[in-house]
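Here the structure is laid out as structure tokens; the discussion comes afterwards.
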2 protein chains.
Amino acid sequence: MPHTSPDALWAAVEPEASRRMLVGAVDAFAERGYHATTTRDIAARAGLSPAALYVHYPSKAALLAQISSTGHEAALALVEAAVARGTDPVERLRLVVADFVAWHATHHRIARVVQYELGALPDDARAHSVALRRRIEGAVEATVADGVRAEVMTAPDPRRVARAVLSLGIDVARWYDPAGRDSPAALGALYADLAARMVGAAPEGGTQ
Amino acid sequence: MPHTSPDALWAAVEPEASRRMLVGAVDAFAERGYHATTTRDIAARAGLSPAALYVHYPSKAALLAQISSTGHEAALALVEAAVARGTDPVERLRLVVADFVAWHATHHRIARVVQYELGALPDDARAHSVALRRRIEGAVEATVADGVRAEVMTAPDPRRVARAVLSLGIDVARWYDPAGRDSPAALGALYADLAARMVGAAPEGGTQ
DNA sequence: GGGCCTTGACTAAGCGCTTGCTTACCTCCG
DNA sequence: CGGAGGTAAGCAAGCGCTTAGTCAAGGCCC
């Protein structure tokens with residue numbers, strides 16, 4: 001899932017013009033931020049007139065809400081799938097971090113909006129996204145707590161360590177540049193090693 | 001340095017109204033973002049009329065530029081001071097991370113502007129801040145590279161690992177809430193341990 | 001010391017422009 | 001021919017910033 005095309009999230013959105021609006025909004029919000037983006041800019045990126053936005057969405061904020069909601073749901077689904085795939089806490093943490101980081105690199109534009117435009121959301125939409133975020137944090141925290149209980153990890157405080165591990169992935173959205181020399185998969189592998197080290201788990205790939 | 005009052009950075013700014021504008025702008029930019037903040041809002045926080053802003057600053061962007069510049073300079077000074085204080089690479093890394101993280105917690109409003117409003121800066125101001133950022137990254141990268149050379153650290157790629165270590169601190173600015181249960185100093189100590197683990201250095205405080 | 005001018009800090013009013021969004025209308029396809 | 005998709009034109013509100021002016025504090029000359 002983390003290695004699909006950046007726009008694959010919107011493949012099911014119909015009609016096509018409505019999808020183009022979403023893609024254009026993601027690009028614009030990620031580049032300049034929600035408040036600095038005009039509805040005219042979004043419409044122009046979709047190749048339509050300013051008024052066309054309101055044929056498909058009731059407001060600019062509704063566009064942001066849909067992007068944030070879809071993005072958060074995708075991130076949560078990815079984390080829960082990784083947790084389910086792993087057979088022990090250390091492997092689970094490695095899989096979660098590798099996929100979470102790779103997703104934030106591949107979908108860095110969507111991730112930018114997801115991570116940094118929470119405050120621009122209307123109240124109800126923000127509450128929905130915040131709830132999904134808590135489930136993501138909870139899944140990682142539980143993985144670390146399991147590892148400590150099974151004595152395959154050491155962490156003074158699973159909640160705080162889980163938050164630090166997630167910070168690593170979230171911050172990728174801020175700096176990632178697809179023109180740079182980091183592939184999402186390689187970055188995910190490196191960060192999985194770093195996370196394993198953070199919880200005192202033995203090396204696997206190495207990070208030598 | 002990282003444990004001073006959040007507003008201590010502006011203590012030297014005169015006259016007083018000019019300083020109140022800066023503090024108000026930091027608060028507003030941190031809460032809502034640069035583009036969502038109006039000049040009327042900043043002036044109101046300083047207890048002055050909208051036009052008073054232009055008595056002290058040529059533009060809204062100039063206010064942002066001063067905040068970004070001062071903030072970046074403080075962060076660089078803090079990193080360089082920590083590097084100078086440490087006597088070996090591992091201690092240096094611990095000191096840098098502890099202070100960098102504590103600073104991002106204590107000054108989370110300034111740090112928010114510094115880290116997330118780079119794109120809103122005019123070109124020349126952005127170039128200045130970007131140059132300071134590179135020196136911060138360079139200092140951490142050199143510390144990790146020194147540690148690997150001295151065989152007291154293991155890291156596959158000092159540049160990427162340094163970036164990950166800094167991500168930990170930068171992301172603190174995003175989520176830190178002074179009403180929460182994390183003191184800047186305790187957070188710095190925890191993250192220093194996590195960073196030491198990331199580079200394969202033996203524990204000190206423990207993180208058990 | 002009294003009159004006079006300069007200076008720095010500040011404001012009321014408002015200009016020109018851009019914003020999110022609406023209205024009235026058009027077009028094309030099943 | 002009805003409804004979905006689209007547009008040209010424009011409205012009200014809010015934006016960054018300017019203008020023209022007030023006012024108190026301080027210097028200065030006779």
Side-chain angles (χ1 to χ4, degrees), chain A residues 10-68 113 117-126, chain B residues 10-68 113 117-126:
Chain A
W10 320 117
V13 176
E14 290 287 351
E16 194 221 349
S18 175
R19 178 169 62 251
R20 287 205 313 272
M21 289 275 185
L22 266 179
V23 172
V26 167
D27 290 354
F29 292 164
E31 277 173 31
R32 308 174 211 220
Y34 175 78
H35 289 292
T37 298
T38 67
T39 55
R40 284 161 178 80
D41 182 20
I42 296 169
R45 286 176 192 249
L48 294 168
S49 81
L53 192 151
Y54 296 91
V55 172
H56 299 285
Y57 299 92
S59 68
K60 179 185 163 188
L63 257 169
L64 175 65
Q66 168 145 3
I67 293 165
S68 183
V113 180
E117 300 293 349
L118 255 190
L121 284 170
D123 285 347
D124 52 344
R126 185 170 49 234
Chain B
W10 320 118
V13 176
E14 289 287 351
E16 193 221 348
S18 175
R19 179 169 63 249
R20 286 205 315 270
M21 288 277 183
L22 265 179
V23 172
V26 168
D27 290 354
F29 293 164
E31 277 173 32
R32 309 174 207 215
Y34 175 78
H35 289 292
T37 297
T38 68
T39 54
R40 285 161 177 82
D41 182 20
I42 296 168
R45 287 176 191 251
L48 294 168
S49 80
L53 193 151
Y54 297 92
V55 171
H56 300 285
Y57 300 93
S59 67
K60 179 185 164 189
L63 256 170
L64 175 65
Q66 169 146 2
I67 294 165
S68 182
V113 180
E117 301 294 349
L118 255 189
L121 284 170
D123 285 347
D124 52 345
R126 185 169 48 237

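Order of the sequence lines sets the chain letters (A, B, ...), proteins ahead of strands, with each chain counted from 1.
When the C1' atom of D/dG16 is taken as reference, atom CG of B/D41 falls 14 Å away, rounded to whole Å. Taking atom CD1 of residue A/I42 and atom C1' of nucleotide C/dG20, one finds them 11 Å apart after rounding to whole Å. Between the OH atom of B/Y54 and the C1' atom of D/dT18 there is a distance of 10 Å, given to the nearest Å. A straight line from CG of A/L64 to P of C/dC21 spans 12 Å, rounded to a whole angstrom. Following rounding to the nearest Å, A/Y57 (OH) and C/dG20 (C1') show an atom-to-atom distance of 17 Å. One interatomic measurement links the two molecules: CZ of A/R20 to P of D/dG5, which rounds to 12 Å at whole-angstrom precision.
Across all their heavy atoms, A/A28 and A/R45 have their closest contact at CB-NE, 3.6 Å.
Contact annotation: A/H56 side-chain N/O to D/dA4 OP1/OP2 distance is not under 4.0 Å. Look at B/S49 and you won't find any side-chain N or O under 4.0 angstrom from OP1 or OP2 of C/dC10. B/H35 has no side-chain polar atom (N or O) that falls below the 4.0 Å cut-off from OP1 or OP2 of D/dC15.
Across all strands shown, A/L53 has no heavy atoms under 4.0 Å from either base or sugar-phosphate atoms.
Between the A/Y34 side chain and the A/L121 main chain, no donor and acceptor come within less than 3.5 Å of each other. For B/K60 (side chain) and B/L53 (main-chain N/O), no donor-acceptor pair under 3.5 Å exists by modelled atom type.
Side chain B/R40 to base D/dG14: no donor-acceptor pair is found below 3.5 Å.
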